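Given the structure is predicted, the values throughout are model-derived calculations rather than measurements.
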Amino acid sequence: QVQLVESGGGLVQAGGSLRLSCAASGRTFTSYNMGWFRQAPGKEREFVAAVSWSGSITYYSDSVKGRFTISRDNAKNTVYLQMNSLKPEDTAVYYCAAKTGAGSWSFPREYDYWGQGTQVTVSS
């Protein structure tokens, strides 16, 4: 089992940047592929980005590709989401998640553990 705690959310103007962090504790961090998801009010949780256990493979949703970068530091048991050129439509609660299975990287149901979320608000 792993515990996940997100941080780094906040209020930023459109065009600005934020870096989210997700600190993991518990079972060996490199046992997990990691993902970021987000959920806006009244909408379903959607995939943002994912990174393999080694950090060598990354995936992004089309809506954030070229603006967001996911990375991980296995020595610090932390995964990051660097968000640049933020838009008002990026406003949501952002969740970190961990998966061990071989299923799809973009489906929330494939992830085994979730953090509590951190709010990102982008003003226009």
Hey, what do you get for CZ (R72) to OG1 (T30), rounding to the nearest 0.5 Å? 7.5 Å
Donor-acceptor contact present, side-chain N84 to main-chain G16, <3.5 Å: no
With a 4.5 Å limit on heavy-atom distance, are the side chains of I57 and V51 in contact? no
Going only through I, L, V, M, F, W and Y residues with side-chain contacts under 4.5 Å, is there a path from I70 to W53? no
Looking at CH2 of W36 and OH of Y94, how far apart are the two atoms once the value is rounded to the nearest 0.5 Å? 10.0 Å
R109 CZ to F107 CZ distance, which is reported to the nearest 0.5 Å: 5.0 Å
Working for salt bridge (Lys or Arg N to Asp or Glu O under 4.0 Å), residues D62 and K65: CA-CA 5 Å; D62 288 342; K65 197 173 296 182; 3.4 Å; yes
Are Y59 and L20 linked, directly or through other ILVMFWY residues, by side chains that come within less than 4.5 angstrom of each other? no
Rounded to the nearest 0.5 Å, what separation is found between the CD atom of E110 and the CG atom of N33? 11.5 Å
Assess whether side-chain contact (heavy atoms from CB on, under 4.5 Å) is satisfied between M83 and D90, documenting all intermediate values. CA-CA 9 Å; M83 305 186 295; D90 294 317; over 6 Å; no
Atom CH2 of W114 with >12 non-hydrogen neighbours under 6.0 angstrom: yes
Keeping the roles fixed (side chain from T91, backbone from T121), state whether a donor-acceptor pair exists under 3.5 Å. no
Could you check whether the rings of Y111 and F37 sit parallel, tilted or perpendicular, using 30° and 60° as the cut-offs? perpendicular
Enumerate the disulfide (SG to SG under 2.5 Å) contacts for residues 93-124, please, sequence neighbours excluded, ordered by first and then second residue. C22-C96
Indicate the atoms forming the closest heavy-atom contact of F29 with D73, along with that distance. CE2-O, 4.2 Å
Going through the checks in order, is the side-chain contact (heavy atoms from CB on, under 4.5 Å) test met by L4 and M34? CA-CA 10 Å; L4 304 172; M34 300 297 295; 3.9 Å; yes
Please find the pair of heavy atoms, one from G117 and one from V93, that lie closest to each other, and give the distance. CA-CG1, 3.8 Å
Would W105 and V48 show up in the same hydrophobic cluster when neighbours are defined by side-chain heavy atoms closer than 4.5 Å? no
Smallest heavy-atom separation, L86 atom then R67 atom, equals CA-NH1, 3.9 Å
Locate the shortest heavy-atom distance separating L18 from G8; write the atom from each residue and the value. CD2-O, 3.9 Å
For F68 versus R38, what's the shortest heavy-atom pair and its separation? CE2-NH1, 4.1 Å
Do D112 and T100 pass the side-chain hydrogen bond (donor to acceptor under 3.5 Å, both in side chains) test, and can you show the C-alpha distance, the side-chain angles, and the key distance before you say yes or no? CA-CA 7 Å; D112 304 294; T100 57; 3.2 Å; yes
For A40 and A92, work out which heavy atoms get closest and say how close. N-CB, 3.8 Å
Spatial distance of atom OG (S104) from atom CZ (F47) [nearest 0.5 Å]: 8.0 Å
Quick one: do S17 and Q82 satisfy side-chain contact (heavy atoms from CB on, under 4.5 Å)? Show the steps, please. CA-CA 8 Å; S17 299; Q82 178 66 44; 4.0 Å; yes
For the residue pair E6 and Y95, establish whether any side-chain heavy-atom pair is separated by less than 4.5 Å. yes
Intermediate values then yes/no, side-chain contact (heavy atoms from CB on, under 4.5 Å), L81 and T69: CA-CA 6 Å; L81 186 68; T69 302; over 6 Å; no
Single-linkage hydrophobic cluster V79~V2, side-chain heavy atoms < 4.5 angstrom: yes
OH of Y60 to OG of S63: how many Å apart, nearest 0.5 Å? 12.5 Å
